[in-house]
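Accompanying notes for the structure given below.
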Amino acid sequence: MQYEAGNYDVIVIGAGHAGAEAGLAAARQGAKTLVLTINLDMVAFMPCNPSVGGPAKGIVVREIDALGGEMGKNIDKTYIQMRMLNTGKGPAVRALRAQADKFAYQHEMKKTMEDEPNLTLVQGMVEQLIIEDDTCKGVITKTGAKYTAKTVVITTGTFLRGEIILGELKYSSGPNNQQPSIRLSEHLEELGFDLVRFKTGTPPRVDSLTIDYSKTEIQPGDDEPRAFSYETTKYITDQLPCWLTYTNEKTHQIIDSNLHRSPMYSGMIKGTGPRYCPSIEDKIVRFNDKPRHQIFLEPEGRNTQEVYVQGLSTSLPEDVQHKILQTLPGLENVQMMRAGYAIEYDAIVPTQLWPTLETKKIKNLYTAGQINGTSGYEEAAGQGLMAGLNAGRRALGRDEVILSRSDAYIGVLIDDLVTKGTNEPYRLLTSRAEYRLLLRHDNADLRLTEIGHQVGLISEERYQKFLAKKAAVEAEKERLQSIIIKPKQEVQELIKSQGGSELKDGIKAIDLLKRPEMSYGHIAQIVPSEVELDDEVTEQVEIQVKYEGYIEKSLQQVERLKKMENKKIPTDIDYDAIPSLASEARQKLKKVLPLSIAQASRISGVNPADISILLVYLEQGRIARVSNE
Amino acid sequence: MQLDTIAAISTPMGEGAIAIVRLSGEQAIEIAGRLFQGVGGKKLTDVASHTIHYGHLIDPRTEEVAEEVMVSVMKGPKTFTKEDVVEINCHGGLVSVNRVLQLVLNAGARLADPGEFTKRAFLNGRIDLSQAEAVMDLIRAKTDRAMNVALGQMEGRLSRLISRLRQEILETLAHVEVNIDYPEYDDVEEMTHQLLIEKAQYVREEIKKLLQTSQQGKILREGLSTVIVGRPNVGKSSLLNSLVHENKAIVTDIPGTTRDVIEEYVNVRGVPLRLLDTAGIRETEDIVERIGVERSRQVLKEADLILLVLNYADDLTVEDENIFKAVEGMDVIVIVNKTDLPQKIDLDRVKDLAKDHKLVTTSLLEDVGIDELEEAIAALFFAGSIEAGDMTYVSNSRHIALLNQSLNSIEEAITNVQAGVPIDIVQIDLTRTWELLGEIIGESVHESLIDQLFSQFCLGK
């Protein structure tokens with residue numbers, strides 16, 4: 001029996017990290033939003049590692065925050081430890097990572113969603129989409145509830161036809177033994193979507209009380225208070241440490257002698273797994289010359305003894321997992337609480353999406369997160385935000401928002417997915433960004449707050465604060481530009497104490513700051529500012545001044561790229577009518593349907609000659625139209 | 001439509017005495033103007049459109065005169081591409097024209113893609129609609145041809161050398177990346193400034209070596225520069241004429257506008273010879289009187305091959321012996337000419353002086369001994385250090401340009417790493433070097449870095 005259950009602007013299927021951001025982004029714009037989840041107790045659940053951030057990913061969290069998303073605020077309220085990574089390197093690659101209290105994290109996110117005025121959170125498993133004229137008009141749940149909407153966002157994570165594999169055992173399941181979503185996957189296939197089978201895995205969890213931490217190394221959080229969100233003012237000072245131990249020869253022997261029982265090697269696992277997240281058996285086989293591998297012990301929360309064994313992702317049988325754990329120093333008497341497992345699931349081939357994350361096949365239908373072939377909470381959340389934003393804007397009759405590769409890691413992520421596709425679960429790495437010096441942790445607000453404000457996800461108050469910061473940075477740079485530092489005794493001594501060479505003549509303060517050995521603090525010591533400046537402001541001044549040359553170089557590249565981004569390709573273009581295109585290029589172009597020349601040039605197999613030909617063809621069409629008029 | 005400024009050599013390679021490097025784009029005049037030093041300090045940015053100017057190109061890095069040139073300035077839209085166009089006419093020959101191309105690329109122009117001038121002409125509305133198909137076909141054809149050339153190169157050792165070098169850089173890049181993306185993994189050695197400098201310097205030396213081979217490529221393309229030397233009236237001119245008449249001259253007698261150049265190219269049994277221009281040969285006559293003068297030595301030093309001519313019908317003189325001294329350590333063939341006249345020369349003494357050098361007796365007047373001389377030239381070439389068959393050399397001007405750009409890029413990386421710039425920023429220059437080298441062999445796919453990352457290091461949770 002079906003029944004009419006309600007009408008919304010936007011429906012989000014799933015309430016994981018993508019679904020939560022999608023629902024909030026849609027609702028906060030003013031769209032009446034319904035979020036459906038298979039299990040209300042699992043909102044924003046972390047089925048794998050209890051952490052948020054890290055290189056590239058941490059910057060995504062900052063970007064989500066600058067655009068008015070929730071992940072940064074949520075982790076700031078629930079972390080058990082926070083660390084800034086890569087502090088010894090350049091500003092472009094610094095990244096924040098937090099260990100989460102995974103239970104607090106999901107409860108906090110659930111409460112935020114419940115409290116959101118335009119958002120309705122309901123338990124229900126969607127089995128079918130309502131499609132009319134290749135347009136999505138709503139969803140139908142297993143219990144027969146029929147919800148109609150202007151747009152629908154699917155964020156089903158690893159639930160689509162999920163199968164858990166643990167040693168010789170294989171059973172139909174979502175992550176963490178949740179109900180899988182089988183019917184929806186079949187329905188997507190019926191609608192004509194290309195699906196692929198991916199695989200990921202998780203390590204065992206162990207009881208903290210059975211670990212002898214004296215045999216491991218402590219990994220504390222930073223003393224300095226840190227936060228992901230630009231709005232956070234309260235910091236959690238009571239941090240919990242993580243611990244480090246190592247595998248050894250005995251560990252490797254056990255794995256080696258049980259490889260025949262590994263579903264990875266017996267052929268039971270068919271899905272493609274990610275290279276950056278290999279199982280321990282994979283590491284031993286591929287890097288058998290390594291005498292040991294690092295294993296991090298990470299608490300799963302404050303009110304639990306469960307510990308996540310990072311580095312030991314495996315699908316070996318339970319009894320083998322037990323034996324492996326007990327070879328690790330400090331874990332000789334460990335009690336395993338949950339075994340690790342591998343999970344296979346369906347994902348849709350992401351080249352079937354527009355850069356707005358709307359599907360090309362079905363209008364008003366969007367997908368985000370792991371269903372698009374990515375892995376990681378941050379990647380999911382970033383897509384969720386963009387899909388929810390665009391689905392909301394479509395429902396409200398507004399135009400679309402697409403972030404470029406030079407705007408944000410989120411832009412890189414989505415462009416990679418829809419332009420190149422992926423043949424393994426996709427993870428963001430800093431090396432995927434060609435302008436990573438522009439996509440920094442520190443300047444996420446400068447890059448994106450303006451957009452967040454425009455689309456209505458950033459409050460006026462926060463926007464004014466942002467403008468004030470921006471003005472302060474500019475004012476301070478101007479001040480340093482106008483001040484000459486003379487080669488006085490104390491100046492020379494300060495420079496010498498930093499290992500620099502003495503001044504021969506007066507120098508602009510801004511030029512002295514450019515020297516590698518000088519920091520903003522040193523300059524401020526010589527010529528202090530009259531107004532008190534926020535740390536965020538002085539940090540920004542220092543980075544912008546010090547790396548000006550490189551930043552400028554990157555900006556020039558971006559400028560050139562922008563010209564190509566601005567050359568739009570009509571989506572109804574007939575590639576078969578361009579005879580000079582190489583056949584591989586033609587096929588790829590027909591599949592991806594790039595929106596601009598720049599996007600076309602990023603498709604592998606489309607070479608510069610094809611791009612030239614395409615340009616000429618487009619110009620020919622333009623001339624033809626002009627002469628017809 | 002605004003596009004960046006492109007440059008390319010627009011005359012066929014190695015086939016003319018005058019070559020043209022063409023620039024097109026918004027900054028064409030500005031870029032050329034930065035290099036050009038006209039007579040009386042004339043600035044290119046001030047000159048009228050469609051005018052031609054004599055002057056020199058100055059290398060901004062050394063501030064030295066690099067080339068003597070004629071520069072045409074044509075402002076858009078009345079040009080082939082409808083953009084501002086500058087044509088730099090310089091001496092033909094690979095070295096000159098490449099130097100000019102390199103200067104404009106360093107000054108901010110970008111190397112044009114195959115067919116790009118034509119494409120621009122079209123995009124700027126210079127070519128009408130009916131020609132569009134032809135333009136597209138042209139781009140395809142030119143690219144295919146460029147690909148074929150590239151493929152030809154790829155079979156050789158050049159591409160293997162470049163691939164190996166790129167692999168070295170890639171491993172270094174992956175190493176830098178892994179430190180960034182997996183900062184907590186202690187089994188990966190930290191890429192320190194010291195380590196990076198060593199790697200970068202190694203890459204720089206390898207690129208330099210490759211660039212040096214372009215000099216050898218030059219020899220094959222342009223011929224061995226050959227100087228005929230001897231006292232007056234020993235038969236130098238006859239030797240020149242014999243070699244030219246016996247063998248078909250490839251390029252002859254193109255008087256330049258700026259100096260009285262006559263270059264004789266001859267092909268002797270597969271060995272290309274560039275007989276020094278007449279000015280040069282006249283110069284060599286002075287040598288007899290001015291042995292020991294540094295400038296004269298210089299002329300000889302730049303030669304690849306010396307043909308030392310003696311007179312059979314005359315006694316050896318001090319001047320002859322001085323010439324032997326001046327060419328010590330060089331590739332020399334000693335020719336004793338005029339055997340049609342009665343012998344006066346002491347041949348044993350000549351043999352002493354000639355040491356290991358090949359000795360040939362001729363009567364150029366009666367065409368005796370020419371064959372033997374030609375054989376000697378060929379033997380010297382093919383047996384010598386320059387082995388044509390198995391040699392890796394870079395001769396393609398595009399490749400030379402790209403190698404020079406790679407060199408600049410790696411040098412920038414070294415300067416920055418020495419200045420203490422963070423490694424992940426220096427990495428930008430390193431990546432650029434890797435990409436430029438990739439363009440030579442037609443590979444520049446970024447994805448391979450990520451592949452390298454995961455095959456080189458054991459990563460992940």
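Atom set for the values below is all heavy atoms of this structure, side chains included, hydrogens, waters and symmetry mates excluded. A note on names: the letters A, B, ... follow the listed sequences, proteins ahead of strands, and every chain is numbered from 1. All of these numbers come straight from a predicted model, not from anything done at the bench.
Atom CZ of residue B:R120 and atom CG of residue A:L615 lie 10.5 Å apart, to the nearest 0.5 angstrom. The distance from atom CG of A:L85 to atom OH of B:Y182, rounded to the nearest 0.5 Å, is 13.0 Å. A distance of 6.5 Å separates CZ in A:R427 from CG in B:D181, rounded to the nearest 0.5 Å.
Within the 4.5 Å cutoff, the side chain of A:R436 has heavy atoms near those of the B:I180 side chain. In this structure the side chain of B:I425 reaches within 4.5 angstrom of the side chain of A:P91, judged on heavy atoms. In this structure, the side chains of B:I428 and A:K553 stay at 4.5 Å or more apart for every pair of heavy atoms. For the pair A:P516 and B:V421, the minimum side-chain heavy-atom distance is 4.5 Å or more.
Within the 4.5 angstrom heavy-atom criterion, only side-chain atoms of A:Y246, from C-beta onward, approach chain B. With a 4.5 angstrom heavy-atom cutoff, A:R515 does not touch chain B via any of its atoms. Only the side chain of A:Q219 comes within contact range of chain B, judged by heavy atoms closer than 4.5 Å.
We find that B:E177 and A:R432 are not joined by a salt bridge, their nearest charged nitrogen and carboxylate oxygen being 4.0 Å or further apart.
Counting only distance, with no hydrogens or angles, the side chain of B:D424 and the backbone of A:G90 share a donor-acceptor pair below 3.5 Å.
For A:K89 against B:N179, the heavy-atom pair with the smallest separation is NZ-O, 3.0 Å. Residues B:V426 and A:Y550 share a closest heavy-atom pair of CA-OH, 4.4 Å. The minimum heavy-atom distance between B:P183 and A:P55, with the atom names listed, is CD-CG, 3.7 Å.
Considering only residues two or more places apart in sequence or on other chains, A:Q99 meets the side-chain hydrogen bond (donor to acceptor under 3.5 Å, both in side chains) condition with A:E298. A search for salt bridge (Lys or Arg N to Asp or Glu O under 4.0 Å) contacts involving A:D415 returns A:R405, A:R602, not counting sequence neighbours.
Other residues, nucleotides and ligands place no more than 12 heavy atoms under 6.0 Å from the NZ atom of B:K199.
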